[in-house]
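Notes follow once the structure below has been shown.
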Amino acid sequence: MTDQYHNEPMLELFIFESMQLIEQMEQLIIANEKFESYDSDAINEIFRIMHTIKGSSAMMLFNNVSTLAHSMEDVFFVLREDKPQNIDSSQLSDLVLEGIDFIKVEIAKIRNGDEAEGDAAALIESLRVFHATIKAQNYTVRDQEMKDTATSQGYSAPKKQQYYISKVRTEPQSYSSSFQATLYFEEDCGMENLRAFGVVNDLGDLVKEYYHIPADLDHEDSAVVIQEQGFTLFLKTDRSLEEIHRTLSQTIYLKDLQLTQVKNCEPFEDLHEERKILLNDSAKIFASSSGERITIDQKESYSSASQQSIISVSVAKLDQLMDLVGEMVIAEAMVTQNPDLKGLELNNFEKAARQLRKITSELQDTVMSVRMVPLTGTFQKMNRTVRDMCKKLNKDVRLELIGQETEVDKNIIEHISDPLMHLIRNSIDHGIEMPSDREMKGKPRWGTITLEAKNAGGDVLIIIRDDGGGFNKAKIMSKAREKGLLQVPEDEITDKEIYNLVFLPGFSTNETVTEFSGRGVGMDVVVKNIEAVGGAITADSVPGKGTTLSLKIPLTLAIIDGMNIKVGDSRYTIPTTAIKESFRPKTTDIIVDPDDNEMIMVRGQCFPILRLHERYHVNTLVNNFADGIIIMVEQDDQTLCIFADELIGQQQVVVKSLPAYIKHTKKVTGLAGCTLLGDGSISLILDIAGLFTVKKTG
Amino acid sequence: MKKLLIVDDAAFMRVSIRNMLQNQDIEIVGEAANGLIAVSMYKELRPDVVTMDITMPEMSGIEALKLIKAFDPQAKVIMVSSMGQEGMVKQAIISGAKTFIVKPFKEELLHKTISKVLGV
């Protein structure tokens, strides 16, 4: 990499833009593959994307990416220009997707600061062969067409711009002078042949007749010749040497110019076989441009208005902003709820504090909304997964996406992409049957997987539904028995509990490990990933009809609405979404079972009680139920009553993870993190799901 | 100070060019992401020089060049091309592009090209 690109923002922008383009292209290919042909818009778009990536990666000196992009660009160039028929679109899709994968891997390497040294030679070769095939096929077609038009209409095929015509002996005219000019261009200016073409073009009407060496400027080889030997131009003109010299020396990138007057006609006579250039295209092109103006002017009005409305910001900066806003929320509470203010009558202060609180909370909401991204990208990616799986397994599956516009915090999206992909692979691999089997069962040949997202309170629900064979209850049970995963007596177990056994660590129903879904890691990894962001997963299934997997994901991790409670000198925070109610218990409602487990009767139902002070060994004066308070919490259809000293109040808190040294030295369960309260004290955030397991085992 | 309009559909290229010209005596008055925007921005901003990408959505650099030249025959447009676009570069020259620069290019080359086109 050259120094000028060492700066990070450029690299980041390169990665960001290239990934975006690549993903866009992937969608295009998958969408077009369905119709087994590429429409011209898609071809144009893909051509442009590859062209852009070629350019940017060349600028960044990632030559392997650039070369690969170039060969893909070449293929799409032929598709765009020659419109060949009968192309093998499935092979084309495979090649291009392979190329996309290669570029993705290289970009990932670049992102991680590794050397992007992947070798795409084999792929480039395949692309080259493909390129040659479609090109060859097209030539035969075009030759035929050319013959047809030539015979029927009497002129040769259009499109071929003929700049060179055989030298015509014009009427012998006496121009005042003939010149020989040799021009040398600066090194590295590139495309010397076209620079030379530019020189001739600039001369325009100044000269009457001319020819040049090398004569054929269309051929790439001429660039090398000009680079080494210069560009020699013989011209006849009635202008003076000075005038010609002035025009030629305006040439950009000109390194050296030698202009000499030669005897009339002499070189022209010598080079009778050479050809003369006639330029008359420029006038034609200018004439056509006025017609296009009208439509373009109409379009201008909206496109100029749409510019600059979106900027891209790095996630790291957003994270920092979020952190700062979090700190500010705490600082605001520390000021307005300062103990020093207790008992003081401060009307104006109260007013100002209220204003501050309002703005802080608006600011917080805004920052939160900035971090929210629609699930579209994540969902769209699944199209590729489905395509690849179907191709490998010879199954026919259609993916339906619902509610892609649902927004989730950026951090969470990153965590659910892999689990989703894994679940969809599972559905195709184990759920959807082979087309022939499906027909025998009276189902359509193709399976359908529906991926749906919707908001549900503070959570987002993602539902994956397939119309495959459904879970095999007997198989799950026998497997669970074999692995010793059953914790409930077998005769009491419900269907739903059976289905959810598959999420337990070390469970995988398919004995034969396939390339896609069974890599030794099973559902438990998916579950772990989802739980890491505070989500939960449940399964339901109807034999023969299909399976439904529901993922419940929180909207955000950074800030939660919490109820602060007090136990002894400690403070705890319970996410308000989990709280059902809180009340002062009556001693008469308390029941103690033979195992000394305390329970409370509420409206005829019995719920277990968890004494927080016992659980976390906190000294408190409140030991009697009548003196404290009960908070009833619910998570995943389980209910628990937490006993604490008193409620402090409800507040939005910023979640901070527990310091690493606490996490490592003490395995504290039931805690999701900690937060700072308005008075500067630390409060521990309870992890309700964690408390249930504590209750069970303890 | 001379005014420059950058036209490229890739944000990466626009920022690259902008960065390369950071310490130069030139003001970047605008950035356009396609030919259509470029033409209307040209009319509005009247830059002294334009760097024009060729392959862009909505309207290609060549079309935009033609429209700009039709509007202002004195317009100085530098085409930003890359290997494999010889045919289009040729069209651009015929349509009145001042010169062209081939990707990937270095900072110095861009400086030199712009100052030469501006006749500084």
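Below, all heavy atoms of this structure are taken into account, side chains as well, without hydrogens, waters or symmetry copies. Labels below follow one simple rule: chain letters A, B, ... track the order of the sequence lines, proteins then strands, and each chain is numbered from 1.
- Taking CZ from A:R48 and OG1 from B:T55, the interatomic distance works out to 8.5 Å, rounded to the nearest 0.5 Å.
- Residue B:S16 comes nearest to A:M10 through the heavy atom pair OG-CE, 3.0 Å, listed as atom of the first residue, atom of the second, then distance.
- Between A:E17 and B:M13 there is no side-chain heavy-atom pair separated by less than 4.5 Å.
- Residue B:F12 is tested with A:F16, A:F62, A:F14 for a ring-ring contact (aromatic ring centres under 6.0 Å, His included); the sole match is A:F14.
- Both the backbone and the side chain of B:A10 come within contact range of chain A, each with at least one heavy atom under 4.5 Å from a heavy atom of that chain.
- Contacts of B:S81 with chain A are made by side-chain atoms alone, with heavy-atom separations under 4.5 Å and no backbone atom involved.
- Using a 4.5 Å cut-off between heavy atoms, B:I101 contacts chain A through both its backbone and its side chain.
- Between A:N201 and B:I94, the shortest heavy-atom distance links the atoms ND2-CA, 3.8 Å.
- For A:F47, the part lying under 4.5 angstrom from a heavy atom of chain B is the side chain only.
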**OP:** For B:K106 and A:M59, run side chain to side chain contact (heavy atoms under 4.5 Å, CB included): C-alpha distance rounded to whole Å, both residues' side-chain angles, the deciding distance at 0.1 Å, then the answer.
**Re:** CA-CA 8 Å; B:K106 289 190 180 147; A:M59 292 291 283; over 6 Å; no

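- Here A:E186 pairs with B:K112, B:K116 under the salt bridge (Lys or Arg N to Asp or Glu O under 4.0 Å) rule; sequence neighbours left out.
- Closest approach of A:G55 to B:K103, counting heavy atoms only: CA-CD, 4.1 Å.
- Checked by atom type and distance alone, the side chain of A:R195 pairs as donor or acceptor with a backbone atom of B:F100 at under 3.5 Å.
- For A:T52, the part sitting under 4.5 Å from any heavy atom of chain B is the side chain, from C-beta outward, and nothing else.
- Minimum interatomic distance between B:S82 and A:M191 (heavy atoms only, all atoms of both residues): O-CE, 3.3 Å.
- To the nearest 0.5 angstrom, A:L194 atom CG is 12.0 Å from B:M79 atom CE.
- In terms of non-hydrogen atom pairs under 4.5 Å with chain A, the most contact-rich of B:G35, B:A97, B:A11 is B:A11.
- Of the atoms belonging to B:D9, heavy atoms from both backbone and side chain fall under 4.5 Å from chain A.
- Between B:P104 and A:A58, the shortest heavy-atom distance links the atoms CB-O, 3.4 Å.
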